[in-house]
Amino acid sequence: MSKVLLVEDNPQNRYLLTFLLERSGYEVVTAEDGEAAIEAVPAYLPDVILMDVQLPKLDGYEATRRIKADERFARIPILALTAHSMKGDRAKALEAGCDDYITKPVDIDVLLRRIQEVVGAEPGSAMS
Ligand code: MN
């Protein structure tokens with residue numbers, strides 16, 4: 001089962017995305033800010049990280065930079081979650097080292113497809 005680290009400070013978004021990802025067969029761990037995200041990576045070793053860019057304490061760009069700067073974790077794909085209206089956020093996300101971005105509000109089908117692309121395998125229960 002692929003493991004997703006979901007970094008999102010908005011409780012409703014966190015709850016909804018966790019529900020949808022778990023229903024699609026992913027194991028999900030959440031972090032509420034950039035510092036918690038950095039701590040969660042070595043503890044959890046996710047297959048993919050979903051990184052909101054607007055976060056308390058440490059924003060998603062800086063958290064991404066720090067994760068990607070650590071050679072142990074540099075290969076973990078990071079998908080940024082960026083506001084639809086903020087085109088500058090996407091360029092900043094890619095500059096920070098994110099592998100791709102998903103615009104909010106998140107289209108769950110788009111999100112699942114991108115996760116499958118970067119993880120390289122479909123979770124078994126997504127078929128059922
Ligand atoms: Mn946010």
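Since the model is a prediction, treat every value here as computed from it, not as a measurement. Both counts, for ligands and for their atoms, begin at 1 and track the order of listing. For the numbers below, each heavy atom of this structure counts, side chains included, while hydrogens, waters and symmetry mates do not.
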Of the backbone and side-chain N, O or S atoms of Gln54, does one lie nearer to the Mn ion (ligand 1) than 2.8 Å?
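Yes.
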Do Leu55 and Ile67 sit in the same hydrophobic cluster, where Ile, Leu, Val, Met, Phe, Trp and Tyr count as joined when their side-chain heavy atoms come under 4.5 Å apart?
yes
Quick one: which of Leu50, Leu17, Asn13, Leu20 gives a side-chain contact (heavy atoms from CB on, under 4.5 Å) with Val106?
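Exactly one option meets the side-chain contact (heavy atoms from CB on, under 4.5 Å) with Val106, and it is Leu17.
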Under a 4.0 Å N-O cut-off, is there an ion pair linking Lys92 with Glu95?
no
Are the charged groups of Asp52 and Lys104 less than 4.0 angstrom apart, N to O?
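Here Asp52 pairs with Lys104 in a salt bridge, since their nearest N and O are under 4.0 Å apart.
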Considering just N/O/S atoms, say which atom of Asp52 is closest to the Mn ion (ligand 1).
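This turns out to be OD2.
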What N/O/S atom of Asp9 gets nearest to the Mn ion (ligand 1)?
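Nearest N/O/S atom: OD1.
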